[in-house]
Amino acid sequence: MKYQIVIAGFGGQGVVFLVKVLAICAGNRDIAFLGTENHGMSQRGGSVSCDIKIGDFTNPVIDKNQADLMIALEQNEGLRNVSYLKLDGTLVTNAKDKDDYPKLPFKGFAKIDAFKKAEAGEFPIQGLNVYMLGIALATDKNFPFSVKEVKDAITQMNAKVAKQNIEILDHAMRDIKEL
Amino acid sequence: MKQTLMGNDAIAWGLVHANVDMVSGYPGTPSSEILGVVQKIKHQLNLDIYAEWGTNEKVGFEVAYAGAIAGKRTCATMKQVGLNVASDALMSASYIGNLGAMLLISADDPGFHSSQTEQDSRVFAKFARIPVLDPATPQDAYDLTKYGVELSEKLQIPVMLRPVMRVCHAREIIEMDRETNFSPNKGKFERNVARWGAVPRDGRFAQGVEQLNRIEVIKEYNWDTLLKSEFDKCMGKDTLIITSGTGYGFVKETLNDLNLEADVVKVLMPYPLPVTQIHKRFKAYSKVLVIEEPYPCIEEQIACDKVYGKNTDTVHKIDEMSKEAILNALSNINLYDGENIYKTPPSLNFDVEARPPALCPGCPHRDVYYAITKVFKKKKAIYPSDIGCYTLAIAQGAIDTILCMGASVSMASGFSLSDPDKTTVATIGDGTFFHSGIPPLLNAIYQGHKFILVILDNSTIAMTGRQTTPSRSNRNIDIKKIVEGMGIDCIEHHYSHEMQDNIDFFKKVKEVHKSATGPTVVVVREFCILDRERAVDYVPGIFAQVDADKCVACDQCTTVYKCPPMAYNDDGKIEIDPFLCAGCGGCLDVVCPTDAFIQDFDYLKRGK
């Protein structure tokens, strides 16, 4: 299997948390994993994008037109990085409920206003990363890991907050079905 | 045992598994996590390890190096520009050598992600005549850390490990030792003045001759144990690609993506190279392409008319490696003539507003810089600054120059001498002041240079992950006393979330400075908003909202104060993003000319 995922957001949104969760998923199934993260200067609220390559790869960076999936934790950060996604890939993005979102040519697509949901108290803002992961899980039929595998990894990451995170994941998967 | 690790985690485990029990260094992205993870492993496994930050890279290097002279296995960690600071010690250590082992880790940052230069530490190793190892992945980083420590003890010379950001901050499932049987060398200094205290000319000349001979021995060793088997694996293709570090991973994937064939040699030790043996192997090829980053280190050692690389304009010369850059290089040597598969339709290039890094919401630096620019007006001031989080105040127009660690103070001297009609107001963080701000301040005091120095003391090295500063570990060294010890006053101010307090303070400083005959030094006691230990005691929890009727869209807050939660909404009024506001209350006073920022008493009820 070869699968490449870009996660885009800004500093403080917990992009690296998602990288770690997916790395644990790969480790549990003994599939090769190579990813790259942003630390340091780029963390101070600036644009952050992390690359995750699952399967037989030798460098951690995703080039343009290569990613199978992009999870965008914020609308503009998604658009900024959209050229890394293959045309037959899937874009999952947090974006405002407005009509001005551009029409994009990707095969798979899901858009949801996660900020609005967090503001309405449906989940805490710190869980927006996990919420969008749930949207991706429910949208991308080729997603390399099962819901159970992701939940197990979330529990391994931090057992203390696992219950809340798993609830957010389930919440997201219900929301996307209702869309 | 399989483990999912980031490159810097892998290096830390490699050090422990190589029985290194002294680690010293200075934080700097992308190297910072290495020492911190060693500290974690030390506590987790209850190991007797010295793993502490030095006051700067030179100090860190020298502590570790002395340990290696005394027979221990040691390590110094830093980023590539930190090596500039430690280079004085390195150049001599390479003549003198060591009895135990010393691994020097200098992490490079191709692509300028978090660095002011894109310099190549491998070239520095070549300059210093020590061997350098170049890992391609976290697995390599683990393996080469252990290998480098062994090699240093065997050769009795410091060995450099040079990971780049895409190794340090890459994450991978790696295979590492199951057991940690930690058995460090016992330190025992053996007096040998002729070696450890060698003086010019005879002593150092003899060591210089040894150094040259040693490099020849290492070249042979590089060939026999690392390179020969790589060349022996080659399949007799028409093109040979020689690569090291991340270059290897990019080359392999690009060849695979493009369905191309070439022999690929991965160089683990890019210096010193056994050039004669390598050249003999060139006979079988029509072209040799060198892929490495960021400088042409291998290329310049093996240059001949078959070699293509940066110096022949075949390969990109600046910025990070990408498969697209490799594709272009393969096109340039006529190995590939197909389309660029690493391109998406131009319709997908969205012109999205940039989101540069910014001072965090609630960061006291923002308010202090705001107050400084209010009191010392731009037209009549020069603002030299330094390296740290506070560099981000450049977005507030509060910084004019950035050079390197500590330069704010010495450049303030230079500006005050060369343009005395303006007031020079220099800013430096406490970490940087300890690192290299003290000698230039001494200089300014005894020379009588008239400028204002503001030391922003948040008692942490914030930018690189909040490592401890000397003001906070063991003895709580106080900056004010250091300055007073140099024979001048140090005016102290405690940051206030009420802006007027900060402005009043700097007005007072301005008055004091008028009659000064030398530098006026100020320490502003702050905190880092991300510092869980201290921030809770200081953040007042006053959250802001905007009175839309009062907002006249004047841009003051978005251009001069620049707090990330502030942005225009669809109605053309400023709105505070409730997810980002830190509750510092800093904007409620002075910042808005129409007083549109008001306290949001309902903040906590809105599902935070």
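In the text below, chain A, chain B and the rest are named by the order of the sequence lines, each starting its count at 1. None of these values were measured; they are calculated from a predicted model.
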So, the part of A/Ala120 with a heavy atom under 4.5 Å from chain B: the answer is neither

Under 4.5 Å from any heavy atom of chain A - which part of B/Asp351: neither

So which heavy atom on A/Arg80 is nearest to which on B/Glu353, and how close? NH2-O, 2.9 Å

Return a table of donor-acceptor pairs under 3.5 angstrom between the side chains of residues 170-177 of chain A and protein atoms on other chains or two or more places apart.
residue: A/Asp170; atom: OD1; partner: A/Lys151; partner atom: NZ; Å: 2.9
residue: A/Asp170; atom: OD2; partner: A/Lys151; partner atom: NZ; Å: 3.3
residue: A/His171; atom: NE2; partner: A/Glu122; partner atom: OE1; Å: 2.8
residue: A/His171; atom: NE2; partner: A/Asp175; partner atom: OD2; Å: 3.3
residue: A/Asp175; atom: OD2; partner: A/Lys117; partner atom: NZ; Å: 3.3
residue: A/Asp175; atom: OD2; partner: A/Tyr131; partner atom: OH; Å: 2.5

Specify which of B/Arg171, B/Glu324, B/Glu172 makes the most heavy-atom pairs with chain A at under 4.5 Å. B/Arg171

Do A/Asn65 side-chain atoms and B/Thr344 backbone N/O form a donor-acceptor pair below 3.5 Å? no

With a 4.5 angstrom heavy-atom cut-off, could you sort out which part of B/Cys389 is near chain A: side chain, backbone, both or neither? side chain

Answer with side chain, backbone, both or neither: which region of B/Pro356 has an atom nearer than 4.5 Å to a non-hydrogen atom of chain A? backbone

What's the spacing between A/Ile125 CD1 and B/Asp577 CG if we round to 0.5 Å? 7.5 Å

Non-hydrogen atoms of chain B under 4.5 Å away: do they reach the side chain of A/Asp51, the backbone, both or neither? neither

Check B/Arg355 against A/Gly45 and note the closest heavy-atom contact, atom names and distance. CD-O, 3.4 Å

Heavy-atom pair count under 4.5 Å with chain A, highest-scoring of B/Gly247, B/Pro30, B/Ala354: B/Ala354

Contact part of B/Met321 toward chain A, heavy-atom cut-off under 4.5 Å: side chain, backbone, both or neither? neither

Top contributor to chain A contacts, counting heavy-atom pairs under 4.5 Å, from B/Pro345, B/Cys360, B/Ser115, B/Ala170: B/Ala170

Atom NZ of B/Lys323 and atom CD1 of A/Ile62: how far apart are they, to the nearest 0.5 Å? 9.0 Å

Ignoring hydrogens, what is the shortest heavy-atom contact between A/Ser83 and B/Asn349? Give both atom names and the distance. CB-OD1, 4.0 Å

With a 4.5 angstrom heavy-atom cut-off, could you sort out which part of A/Gln13 is near chain B: side chain, backbone, both or neither? neither

Salt bridge between A/Lys2 and B/Glu253, side-chain N to carboxylate O under 4.0 Å? no

Rounded to the nearest 0.5 Å, the CG atom of A/Asp63 sits from the OG1 atom of B/Thr254 at a distance of 7.0 Å

Examine whether an atom of A/Lys103 lies under 4.5 Å from a heavy atom of chain B, and if so say whether it belongs to the side chain, the backbone or both; otherwise answer neither. neither

Within this structure, what is the CG-CG distance for the pair A/Leu85 and B/Leu348, rounded to the nearest 0.5 Å? 8.5 Å

Who among A/Lys86, A/Gln75, A/Lys20 has the most heavy-atom pairs with chain B under 4.5 Å? A/Lys20

Would you mind reporting whether A/Asn59 and B/Arg166 have side-chain heavy atoms less than 4.5 Å apart? no

Portion of B/Asn8 that has a non-hydrogen atom of chain A nearer than 4.5 angstrom: neither

Below 4.5 Å from any heavy atom of chain B, which atoms of A/Glu37 appear? Answer side chain, backbone, both or neither. both

If one checks every heavy atom of A/Lys53 against chain B at 4.5 Å, the contacting part turns out to be side chain

Could you tell me which portion of B/Thr137 (side chain, backbone, both or neither) has an atom closer than 4.5 angstrom to a non-hydrogen atom of chain A? side chain

When rounded to the nearest 0.5 angstrom, what is the spacing between CD1 in A/Ile24 and OG1 in B/Thr4? 6.5 Å

What part of B/Leu359 is in contact with chain A, defined as an atom under 4.5 angstrom from a non-hydrogen atom: side chain, backbone, both or neither? neither

State, to 0.1 Å, how close B/Pro138 and A/Leu34 come at their nearest heavy-atom pair, and which atoms those are. CD-CD1, 4.3 Å

NZ of B/Lys252: more than 12 outside heavy atoms within 6.0 angstrom? no

Contact part of B/Pro361 toward chain A, heavy-atom cut-off under 4.5 Å: side chain, backbone, both or neither? neither

If you compare all heavy atoms of A/Gln66 against all heavy atoms of B/Tyr342, which two are closest, and at what distance to 0.1 Å? NE2-CD2, 3.3 Å

